[in-house]
Amino acid sequence: MEWETVIGLEIHAQLSTKSKLFSGSSIEYGQEPNTQANVVDLAMPGVLPVLNAEAVRMAAMFGLAIGAPIGRGNVFARKNYFYPDLPQGYQISQFDKPIVELGHIDITLEDGETKRVGVTRAHLEQDAGKSLHEDFAGMTGIDLNRSGTPLLEIVSEPDMRSAKEAVAYMKKIHELVQYLGINDGNLQEGSFRCDANVSVRPKGQEEFGTRAELKNINSFKFVERAINIEVERQIDLIEEGGEVVQETRLYDPDKNETRSMRSKEEANDYRYFPDPDLLPIEITDEFLEEVRKTLPELPDVKFKRFVEEYDLSEYDAGVLTANIATADYFESVAKSADAKLAANWITGELSSHLNKEDLSINDSPVNAAMLTGLIKRIEDKTISGKIAKQVFEAMWNDEGGKDESTADKVIDAKGLKQITDSGAIESIIDEIIANNPAQVEQFQSGKDKVFGFFVGQVMKASQGKANPAQVNQMLKDKLSA
Amino acid sequence: MDNQMINKSLAELSVGLQSGKFSSVELTQFYLDRIASHDSELNAFITVTAEQALATAKTADEKIASGSASGLTGIPLAHKDIFCTDGVKTSAGSKMLDNFIAPYNATVVEKLKSISMPMLGKTNMDEFAMGSSNENSYYGAVKNPWDLDRVPGGSSGGSAAAVAAKLAPIATGTDTGGSIRQPASLTGITGIKPTYGRVSRFGMIAYASSLDQGGVFASSAADSALLLEAMSGFDAKDSTSVDIPVPDFSTTLNDSLKGLKIGLPKEYFEEGLNSEVAKVIEAAIEEYKKLGAEIVEVSLPNTHLAIPAYYVIAPAEASSNLSRFDGVRYGYRCEDPVDLTDMYMRSRGDAFGREVKRRIMTGTYALSAGYYDAYYLKAQKIRRLISEDFQKVFEKVDVIMGPVAPETAFKIGEKSDDPISMYLSDIYTIALNLAGLPGMSVPAGFANNMPVGLQIIGNAFTEGKMLNVAHQYQQATDWHKQTPSKYAVSEGEK
């Protein structure tokens, strides 16, 4: 039988606010346990939550970016359950009245087709703390630094039909939230996390199969693997006459398997009800208009503009708009240097250097101004593309400073300036011709191939600095004379 | 120190302090001595903070000497043990928090501390404010100063008993369904629960967040006006506190009541109201007529739904509010838990009392999947109807009056095995918590030798009018000046 996979994702994106969703504590990552937890985060008796307006603004930005209505009187609700790293005994979340209602996002599939994925809703909620099982023999430690950190939970429609589509969707959301400046995109530190609802059904069947929810899949690679392995498990199970049960499963990346965490029967009754400590969030037209003004150019729009305005290939435009830092870097260079050269250098030399040293473009030793200076010298033929790579290498290794004049300083210091003085080139050519009478004879007898030998000799003699076009022209003239 | 001190108003005490007739240290010590002599039988205090009180009194005296004092500076008070007090045990009347030293001050506590009002101690209460008799305290029942065999009402019974027996000139309380007005009525003192949102709830241990409101116990409306004003005001730490100015309640106390329209809801005078209590209330109404008020018969048709709606909403919120007491970070933790579930079950099982458990279970049930619409949502609808009833009546009248409680103080133990009958004692007080409105209890006489309170209900944020209405009555009568003989000091006595 042919099977179809149905996938929906729940993404938890930590909002890049300064403080927590309902308290003034910092949300900085990696601090000593419990140093970023005040009386509110500890859920001391008598404390009350006060909403962080910045988190509301960020959630509204996201809603506008996916074309979703913003809940005008959206409400915080308590999700009640007991866990040691949940100090209140409930999570403040949103239930039937989320801040972001139905929206959508377009993903590009492998065959180049575009697919629209529905975003059911996105809502604000607090993160829990962390339970620490190491270092406490027979006991559990609790770190509440993360407790109360603002999350935007982004819930998709069950619109994805393969693990690859799911990854494309996750990447698209990942890209978008960073564009909006509302999430740092850091998967390792857990500021962008994902759960996947996965089911299978016979191809052609309309109703959905029973789904399993996969937890703990916090990289693009693991999402793809976890979904594929779970789909395989479900198909095998059904084909062997078994039945998929609704449950939560944990993905184990080491063993590349999913295993049952808890069944539907064991699931909590969360007893959601509106949080009486918080008033509904009233969203006004004026507020939305203000937020709209702060929206940056979105990835899809930027992509189209790059193709049109800079005459880039779709491939280059795609790479350059994949994250806002790269796009900004590119535009910073392209505003005063040749755009195509800029695109080539960023997707080529710069990318490979960054990849090799595992650096983000924001931490690149060669900044946009430095690359601009370099490309300008290629454009005005001060150096050739080949020499430019030497200059780039030197700039990467911190030679010559950190601004647009850096390339010039490196070129001067190393004497890499291209020789365009025809007198100088001519004297080199004359010398080479004089020293190689045999090859001159070969050329003149019709062996065109030997022309390359002469070019090579001239370039070698000029240490690569002679302008290749001039060399070509003058050699041709002299040898044919 | 002059024993007549206990008969002085706050205004008189303030004059005495400012003029140097006596110091705050002397006044504070005077009340600490009264607590030492009388509280063993009343059990009004869970914690007495003598050292702290005297230290604050000393600061108050310095402020008075340097001219930087406000009217209430140096006047001691007691706080209900539901308000968090930095460095002092804050138990909420529960074994769960018997070991809990709060690491911060509630906004109310902070406000009064900032003007150097010495805190005498923390008063006894029904556990987590759940109760109408103060029998539900881990620290034992509080006795009514008028009859030590009877309850003082609840849940703020300790504060009420302390003020009634003159162990403190004033005290704070909280009122979720009547917990200020009912004990004030049963102990013959003045109590006011302001409009929801008037007083910050930050640092007030939550029972039912949408109903809880801090307020005042005092010997008169004039004294209440002073303390309420000092406690009130918007607090950025409480999203439900309301950002409107706090008027000077004292300046309108002497406004004339001529033409005042008083609504008497017929539902408050029907079956269930003790006839002796009814007589006291009727006499009080007569007094108001003499003061120039006009009486209008009104109806609050959904009154009978208030108790059922309250006993869904309050337990629902409580079941969630009390989840934080899990033995993990503070409070009681059972000995040698074998695992997490065992720790939760035994910590909560051992440390919560019967009434608290009853309400947690009721509330959990009401919020459960499949029952939510039938209970919680329906109760919220009733809540809106009750609110609308009041708004209709306030189109016609300035204040509403009636009894606070259907009966006078009952005997300790009399109702403790009958929760429904206990719940019914809040029948006249609960509705206005659901509507968020302010209410007062004003001493209006005695029935069967026990005090009876007259309830004054105002529209939202009309505390000034209510205090004026109560004050004019207290100018014309002296029910509020009655003190149980055991704790009284007669005129001329030193």
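Here is the naming used below: chain letters follow the sequence lines, and residue numbers restart at 1 for every chain. What you are looking at is a predicted structure, and each value in this text was computed from that prediction instead of being measured.
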Surrounding [atom1] of [X] (heavy atoms of other residues, nucleotides or ligands, distance under 6.0 Å), is the total greater than 12?
X: A:Tyr81; atom1: OH; answer: yes
X: B:Lys89; atom1: NZ; answer: yes
X: B:Lys95; atom1: NZ; answer: yes
X: A:Arg211; atom1: CZ; answer: no
X: B:Tyr332; atom1: OH; answer: yes
X: B:Lys357; atom1: NZ; answer: yes
X: B:Lys113; atom1: NZ; answer: no

field: Which portion of A:Tyr270 sits near chain B, non-hydrogen atoms under 4.5 angstrom
entry: neither
Proximal component of [X], with respect to chain A [non-hydrogen, under 4.5 Å]:
X: B:Leu211; answer: neither
X: B:Tyr371; answer: neither
X: B:Ala102; answer: neither
X: B:Thr90; answer: neither
X: B:Asp212; answer: neither
X: B:Phe83; answer: neither
X: B:Ala208; answer: neither
X: B:Leu340; answer: side chain

message: Given B:Thr240, which partner from the list A:Leu279, A:Asp277, A:Leu48 fulfils the side chain to side chain contact (heavy atoms under 4.5 Å, CB included) test?
response: A:Leu279
query: With ring centroids as reference points, do B:Tyr376 and A:Phe273 lie under 6.0 angstrom apart?
result: yes
task: Between chain B and each of A:Gly24, A:Ala43, A:Ser23, A:Gly89, count heavy-atom pairs under 4.5 Å; write down the option with the most.
output: A:Ala43
task: Look at A:Pro87, A:Pro45, A:Pro276 and state which one has the largest set of heavy-atom pairs under 4.5 Å with chain B.
output: A:Pro45
- prompt: Between A:Asp269 (side chain) and B:Ala369 (backbone), is there a donor-acceptor pair under 3.5 Å?
  reply: yes
task: Look at the side chain of B:Arg329 and the backbone N and O of A:Leu42, then say whether any donor-acceptor pair between them is shorter than 3.5 Å.
output: yes
Smallest separation among heavy atoms of B:Tyr344 and A:Pro84, with atom names: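 Nearest heavy atoms, B:Tyr344 then A:Pro84: OH-N, 3.1 Å.
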statement: Here the pair of heavy atoms bringing B:Ala236 nearest to A:Val50 is O-CG2, 3.3 Å
- prompt: Do B:Ser239 and A:Leu51 have side-chain heavy atoms sitting under 4.5 Å apart?
  reply: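 In short, these two side chains do not touch, never coming nearer than 4.5 Å.
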message: Within the 4.5 Å heavy-atom criterion, are B:Arg348 and A:Phe82 side-chain neighbours or not?
response: yes
query: Which distance, rounded to the nearest 0.5 Å, do you find between the OH of B:Tyr372 and the CZ of A:Arg271?
result: 12.5 Å
message: Using the rule given for side chain to side chain donor-acceptor pair (under 3.5 Å), can you reason through A:Tyr90 versus B:Arg324, listing the C-alpha separation, both sets of side-chain angles and the distance that settles it, and then say yes or no?
response: CA-CA 8 Å; A:Tyr90 54 84; B:Arg324 66 189 58 202; 3.0 Å; yes
Counting heavy-atom pairs under 4.5 Å with chain A, which one of [options] comes out on top?
options: B:Val328, B:Leu97, B:Leu377, B:Thr364; answer: B:Thr364
options: B:Met204, B:Arg201, B:Met343; answer: B:Arg201
options: B:Cys84, B:Ser368, B:Gly331; answer: B:Ser368

message: Apply side-chain contact (heavy atoms from CB on, under 4.5 Å) to residues B:Ser323 and A:Arg78 and explain how you reach the verdict.
response: CA-CA 11 Å; B:Ser323 294; A:Arg78 293 185 184 176; over 6 Å; no
query: Does the side-chain contact (heavy atoms from CB on, under 4.5 Å) test come out yes or no for B:Tyr104 and A:Val47, once each step is laid out?
result: CA-CA 10 Å; B:Tyr104 74 105; A:Val47 297; 3.5 Å; yes
